[in-house]
Asks: 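Structure in structure tokens, see below.
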Amino acid sequence: MEFDPSKIEAKWQQKWEEAKIFEIDLKKAKNPYYSLVMFPYPSGDKLHVGHWYNFAPADSAARFMRMKGNDVMTPMGFDAFGLPAENYAIKSGIHPDTSTRSNVQTMVKQLRRMGCMYDWSKMVNTSTPEYYRWTQWLFLQMYEHKLAYKKEAPVNFCPSCQTVLANEQAQDGTCERCGTTVIQKNLSQWFWKITDYAERLLQGLGDLDWPEKTKIMQQNWIGRKHGINIAYDVEGTKEKIVCFTTRPDTNFGATFVVLAPEHPFAMKVMDRQIVPNTGEDRSKHVRWYYEQSLKKTELERQEEGRKKTGEFTGFYAINQLTGYRMPVWVSDFVLGGFGTGAVVGVPGHDVRDFEFAQQFKIPVIRVVVASDGDASPIERIEQVQEEEGTMINSQFLDGLNIHEATKRIMSYMEDKGIGQIVTTYRIRDWLVSRQRYWGAPIPIVYDPDGKPHPVPEKHLPWLLPTDVAFKPTGKSPLTESKEFIERTEKLFGKGWTPEFDTMDTFVCSSYYYLRYLAEGDEKHLVDPTIEKRWMPVSTYIGGPEHACMHLIYARFVMMALKDFGFVSHEEPFKKLVHQGLITNKGAKMSKSKGNVVSPDSLVEWHGSDAFRMYLMFMGPFTEGGDWSDTGIKGIDRFVKRIHAMCTSNVNKKVDQPEVIAALHRTIKKVTEDIEGLRFNTAISALMELLNLLEQEGGVSSETAKTFTLLLAPLAPHLSEELWESLGGKDFVIRQKWPVFDPALIKTSTFVIAIQVNGKLRGEIEVDAGAPKEEVLAKAKAHPNVQKFLASRVKKEIYVAGKLVSLVV
RNA sequence: GCCGGAGUGGCGGAAUUGGUAGACGCGCACGACUCAAAAUCGUGUGCCGCAAGGCGUUGAGGGUUCGAUUCCCUCCUCCGGCACCA
């Protein structure tokens, strides 16, 4: 019988659609299983093989879960706001909405050809008003619950393009498009208080079935640190400078204090609000340094490397422990946003502090002796002692190791009221403002005094205006819209203005998994009873590049929504899996590199089933690899051989016991492998079984049917076709997954390997129940083994059913 | 620099509560079919050997063990993430 995948695939895709077998009734489902893949960006490049590499195995796993008796929901949608569409609009003049909608259409068409179980009735597109009204609603909720606030923050700005750049567009400190050096500009922007959730985000990781690597990355991103804020008096003033440190044990060796250039104390100095009563007035120097640091580009910062710059403020802070007069400096190696923005310098025991001290000739004191006993003065950078050691020159801490000393000094400082034990986090609040057109408008308006007010919910969706050109002007594109301003004045009054910024696209993707469950509900974000049953997502599959952005934001939003009372779960994704990355000639596929491999012609040529299986057979799903189609022939042959076996070679009434045993071993192996997402070995197990059937010269209808069931998640179209031709009822995807019989797997004899001194010297076949003595005797009798048993056998080891090891 | 992960034939890869390394597939070689080629099928494919058999072997070196791809130590290379975070 002639085999034509493209005909078969079109036929079954149509049948599935007509029977609506992938549309899930969320309310009626008995065993909800929510299988989710990270939704794609509807790029003009269309789907590439990387998408298939991600989606096809995810679909196979979902089909498997369905056959195991679950009500599986696998939605698909589009993360449609974002820069590429806007940049394309700037170039072509085509409105992003137009290009996005057409890209979505193309991609849906491509996706349909894959033959996945997507429930298209639940599709979302984040750039449509029906969707982004909920993005805006989320903003209002955050605002209402005081988790949204506005403050000045620097953005990347390209002076030549007159535009704000995302961090990714300003890599290496130059503009992606024109190569101009990017500068920092302060703008007033909206933030969401993810820092309020830092501890919960950290604690929640414990119970998640996520890759360890990803959990560690989130842990580091959140970056919890226990330390102490020490308040130092500034000599001759009433001021105190508070420094955060995790190493108060070394404080007897503190010889200076450094402030971030924008630290409030530095501001007071440059504004001459405080002036040292002795010595030189340094306010001009401090101001100059502050201005320089603002102007400094990312590029200059990187070129500077670790070389330290700074200015002395003219003030001294007093180290209470030693009475040491610590000069107070400003330097941009101290970050304003971490800890207190002020650092106490202990040059003997911190490399950065040492570099600074050396640069500005500040004394170095050793207070920790290294474990090798080295107590010499610290003069070179290699001698800086950050590791384990014993305290010296530290009065009551002397002799203690650094950990005990840390505890002791912390409680000492707290008792004396000079320090406060604190926990800080490295994670920053989420900057959600974007000075961009193609995003959801922030639903805020300003009264004539510039005070922000939320746009009332009844006005959502707060529509993105369309009367905007896309030429960069240095301002948010929405400022050009007459309609936007008129709309605001009409609704709120004369002199009122809208917020012109749009929201980060990560906001759109922070809750889309809930919106799939809403089925277009215009009244609620999601029906609470459905949310309760379907969340959290059973398996979430997507790239590891989202470990610290999307996957933290989504967790934060879910937690916040729970606190607001809209959802019942704390965590959105119970199980997370990262697919590997498919590269081409070693590089990530991208249009700019010109190495994008399109799946279309491959599907045309080999069929979706073969192409999917090839991608899965390439290697472990989580590892990815470099693209090459050299091996796809093997899968083509496999597919044809399956078809031949299950159509023209169904010629046996019953199969031999060895065939039955092999079949049941294969059921076991394929079941376990698909459960563990090890598709490559599941396919090779089916290949082995097929090889055996071919050796037998044919197969019974019973076994052929079981084979078809095992194939169903991996090659959905072919298996439907074979199921039908074998006389199976209904769709194969609606059948029960086969169960193996352990009794049938057992064999009556074992092949035992014989090792002498660890080297393989022979093999014997023994009965399954043979006692140890009998096996050993038989092993020693093996002629080739005898040759090596010249001297006495010192030790005999028998691993039941596996091997005999003899030591002479 | 710090935190992860990986290194196995010509290639993709398989095997780890320590137990016959190289499953499965690609490629290659030879053979069958063919006027021929493609496709298909068969045989072989770490090295030596006609064979029996022997030897070698999982990035490098060392250790534990009857036995190590698997566990421990030192080092090298590649990939991913973070990076002046106090």
Asks: Is there a side-chain contact between A/H578 and A/L576 in this structure, where contact means two heavy atoms from C-beta onward sitting under 4.5 Å apart?
Replies: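 Contact flag for A/H578/A/L576 side chains = yes.
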Asks: For a quick check of understanding: with a heavy-atom distance under 4.0 Å over all strands, which category does A/E763 fall into, base, sugar-phosphate or nothing?
Replies: base
Asks: With sequence neighbours left out, which residue pairs that include part of residues 212-225 of chain A fulfil the salt bridge (charged side-chain N to carboxylate O under 4.0 Å, His left out) condition?
Replies: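 Found A/E199-A/R224.
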Asks: Regarding A/V756, tell me which of base, sugar-phosphate or nothing describes its non-hydrogen contacts under 4.0 Å with the strands shown.
Replies: nothing
Asks: Grab the CG-P distance between A/D353 and B/A86 for me, whole Å please.
Replies: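 Rounded to whole Å, this separation is 11 Å.
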Asks: When you compare B/U77 with B/C71, how far apart are their P atoms, in angstrom units rounded to a whole number?
Replies: 22 Å
Asks: Using whole Å, what does the distance between atom C1' of nucleotide B/G81 and atom CE of A/M549 come to?
Replies: 13 Å
Asks: For a quick test of reading the model: is some side-chain N or O of A/N691 closer than 4.0 Å to OP1 or OP2 of B/G25?
Replies: yes
Asks: Looking only at the side chains, is there a donor atom on one of A/Y614 and A/D629 sitting less than 3.5 Å from an acceptor on the other?
Replies: no
Asks: Return the polar atom pairs (N/O with N/O) between nucleotides 39-49 of chain B and the protein under 3.5 Å, or none.
Replies:
| residue | atom | partner | partner atom | Å |
| --- | --- | --- | --- | --- |
| B/A39 | OP1 | A/K633 | NZ | 3.3 |
| B/U40 | OP1 | A/R637 | NE | 3.3 |

Asks: Taking it one step at a time, do A/Y798 and A/S805 satisfy side chain to side chain donor-acceptor pair (under 3.5 Å)?
Replies: CA-CA 6 Å; A/Y798 175 51; A/S805 183; over 6 Å; no
Asks: Can you sort out the partners of A/N595 under side-chain contact (heavy atoms from CB on, under 4.5 Å), two or more places apart, ordered by chain and number?
Replies: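 Applying side-chain contact (heavy atoms from CB on, under 4.5 Å) to A/N595 gives A/N584, A/A587, A/M589, A/K593.
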Asks: Dot-bracket for RNA chain B, 5' to 3', counting Watson-Crick or G-U wobble pairs under 3.5 Å, with [ ] for crossing pairs and | for inter-strand pairs?
Replies: (((((((..(((......[....)))((((((.......))))))(((....)))...(((((..]....))))))))))))....
Asks: Taking the side chain as C-beta and beyond, is there a heavy-atom pair between A/I427 and A/T195 under 4.5 Å?
Replies: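 Side chain of A/I427 against side chain of A/T195, heavy atoms only: contact under 4.5 Å found.
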Asks: Which protein N or O atoms sit under 3.5 Å from an N or O of nucleotides 53-56 of chain B?
Replies:
| residue | atom | partner | partner atom | Å |
| --- | --- | --- | --- | --- |
| B/G53 | O3' | A/N784 | OD1 | 3.4 |
| B/G54 | OP1 | A/R761 | NH1 | 3.3 |
| B/G54 | OP1 | A/N784 | ND2 | 3.2 |
| B/C55 | OP2 | A/R761 | NH1 | 2.7 |
| B/G56 | OP2 | A/K759 | NZ | 2.7 |

Asks: Report yes or no: does A/N251 contribute a side-chain atom to a donor-acceptor pair with the main-chain N or O of A/I230 at less than 3.5 Å?
Replies: no
Asks: Is any side-chain heavy atom of A/R555 closer than 4.5 Å to a side-chain heavy atom of A/L205?
Replies: yes
Asks: Check this for me: does any side-chain nitrogen of one of A/K780 and A/E796 sit under 4.0 Å from a carboxylate oxygen of the other?
Replies: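 Yes, A/K780 and A/E796 are salt-bridged.
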Asks: Determine whether a donor-acceptor pair (N or O, by modelled atom type, separation under 3.5 Å) exists between the side chain of A/S394 and the backbone of A/M391.
Replies: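 Side chain of A/S394 to backbone of A/M391, a donor-acceptor pair under 3.5 Å: no, none is there.
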Asks: Please measure how far the C1' atom in B/C26 lies from the corresponding atom in B/U45, and state the result in whole Å.
Replies: 13 Å
Asks: Could you pull out the protein-nucleic contacts involving nucleotides 28-32 of chain B (nitrogen or oxygen on both sides, under 3.5 Å)?
Replies:
none

Asks: Using side-chain heavy atoms (C-beta onward) and a distance below 4.5 Å, is A/V422 in contact with A/I228?
Replies: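 They are not in contact (no side-chain heavy atoms under 4.5 Å apart), so the answer is no.
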Asks: Closer than 3.5 angstrom, by distance alone: can the side chain of A/H349 be matched with the main-chain N or O of A/V368 as a donor-acceptor pair?
Replies: yes
Asks: Return the set of residues passing salt bridge (Lys or Arg N to Asp or Glu O under 4.0 Å) with A/E386 (not counting sequence neighbours), or none when no residue passes.
Replies: none
Asks: Answer with yes or no whether A/K308 presents, from its side chain, a donor or acceptor under 3.5 Å of a partner atom in the base of B/C84.
Replies: yes
Asks: Roughly how far apart, to the nearest Å, are B/G7 and B/U70 at atom C1'?
Replies: 14 Å
Asks: Could you give the distance separating B/U8 and B/A68 at their C1' atoms, to the nearest angstrom?
Replies: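 Between the two C1' atoms, the distance is 14 Å.
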Asks: How close or far is atom C1' of B/G80 from atom CD of A/E212, stated in whole angstroms?
Replies: 17 Å
Asks: Rounded to whole Å, please give me the gap between CZ in A/R426 and C1' in B/C84.
Replies: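 Atom CZ in A/R426 sits about 11 Å away from atom C1' in B/C84.
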Asks: What's the closest nucleotide to the side chain of A/E688 if the choices are B/U20, B/A23, B/A86?
Replies: B/A23
Asks: Could you work out which one of B/C24, B/G4, B/U20 sits closest to the side chain of A/M687?
Replies: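 My answer, after comparing the listed nucleotides, is B/C24.
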Asks: Could you pick out which residue, A/I635 or A/G337, lies toward the 5' side of RNA chain B when each is mapped onto its nearest nucleotide?
Replies: A/I635
Asks: Between B/A52 and B/U64, how far apart are the two C1' atoms, rounded to whole Å?
Replies: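 Straight-line distance between the two C1' atoms is 36 Å.
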Asks: Anti or syn, where syn is a glycosidic angle within 90° of 0; which label fits B/G22?
Replies: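 Nucleotide B/G22 adopts anti.
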Asks: With sequence neighbours excluded, tell me which residues meet side-chain hydrogen bond (donor to acceptor under 3.5 Å, both in side chains) with A/H546.
Replies: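 Once residues adjacent in sequence are excluded, A/H546 has no partner under the side-chain hydrogen bond (donor to acceptor under 3.5 Å, both in side chains) criterion.
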Asks: Starting at atom CD1 of A/I241, determine the distance to atom C1' of B/A86, rounded to an integer number of angstrom.
Replies: 15 Å
Asks: Could you measure between the two C1' atoms, the one in B/G56 and the one in B/U20, and give it in whole Å?
Replies: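 These two C1' atoms come out 16 Å apart once rounded.
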Asks: With ring centroids as reference points, do A/W52 and A/F611 lie under 6.0 angstrom apart?
Replies: yes
Asks: Which parts of nucleotides 63-73 of chain B does protein reach within less than 4.0 Å, heavy atoms only, written one letter per nucleotide 5' to 3' as B for base, S for sugar-phosphate only and - for none?
Replies: ---B-------
Asks: Rounded to whole angstroms, how far apart are CG on A/D249 and C1' on B/A86?
Replies: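 Whole-Å distance recorded here is 13 Å.
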Asks: Using a heavy-atom cut-off of under 4.0 Å over every strand shown, decide if A/I216 touches base, sugar-phosphate, or nothing.
Replies: sugar-phosphate
Asks: Looking at A/I752, is its backbone amide N or carbonyl O close enough to the side chain of A/E763 to form a donor-acceptor pair, meaning the two atoms are under 3.5 Å apart?
Replies: no
Asks: Please check if the side chain of A/N220 supplies one atom and the backbone of A/G223 the other of a donor-acceptor pair under 3.5 Å.
Replies: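 Judged by distance alone, no pair lies under 3.5 Å.
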Asks: Using whole Å, report how far CZ of A/R678 lies from P of B/A15.
Replies: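 Roughly 8 Å, once rounded to whole Å.
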Asks: What's the gap between B/G46 and B/U65 when it is taken at their C1' atoms, as a whole Å value?
Replies: 26 Å
Asks: Restricting to pairs with a member in residues 683-696 of chain A, which pass salt bridge (charged side-chain N to carboxylate O under 4.0 Å, His left out), not counting sequence neighbours?
Replies: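 Only A/R641-A/E694 qualify under salt bridge (charged side-chain N to carboxylate O under 4.0 Å, His left out).
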Asks: What nucleic acid atoms does A/D350 come within less than 4.0 Å of, heavy atoms only: base, sugar-phosphate, or nothing?
Replies: nothing
Asks: Within the structure provided, determine whether A/V330 and A/F265 are in side-chain contact (heavy-atom separation under 4.5 Å).
Replies: no
Asks: Atom CD1 of A/I683 to atom P of B/A14: distance rounded to whole Å?
Replies: 12 Å
Asks: Could you work out which one of B/U20, B/C84, B/A86 sits closest to the side chain of A/K225?
Replies: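 Closest of the options to the side chain of A/K225: B/A86.
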Asks: State, with a plain yes or no, whether a side-chain heavy atom of A/N319 is found less than 4.5 Å away from one of A/F252.
Replies: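 The answer is no; the side chains never approach within 4.5 Å.
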Asks: Which part of the nucleic acid, if any, lies within contact of A/V751, taking any heavy atom under 4.0 Å across all strands shown: a base, the sugar-phosphate backbone alone, or nothing?
Replies: base
Asks: Taking N or O atoms only and anything under 3.5 Å, show me the protein contacts with nucleotides 7-13 of chain B, one pair per line.
Replies:
| residue | atom | partner | partner atom | Å |
| --- | --- | --- | --- | --- |
| B/G12 | O2' | A/M618 | O | 2.4 |

Asks: With rounding to whole Å, what would you report as the distance between B/C24 and B/G31 at their P atoms?
Replies: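 Nearest-Å result for B/C24 against B/G31 at atom P: 25 Å.
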Asks: Please identify each residue that fulfils salt bridge (Lys or Arg N to Asp or Glu O under 4.0 Å) with A/E388, with sequence neighbours left out.
Replies: none
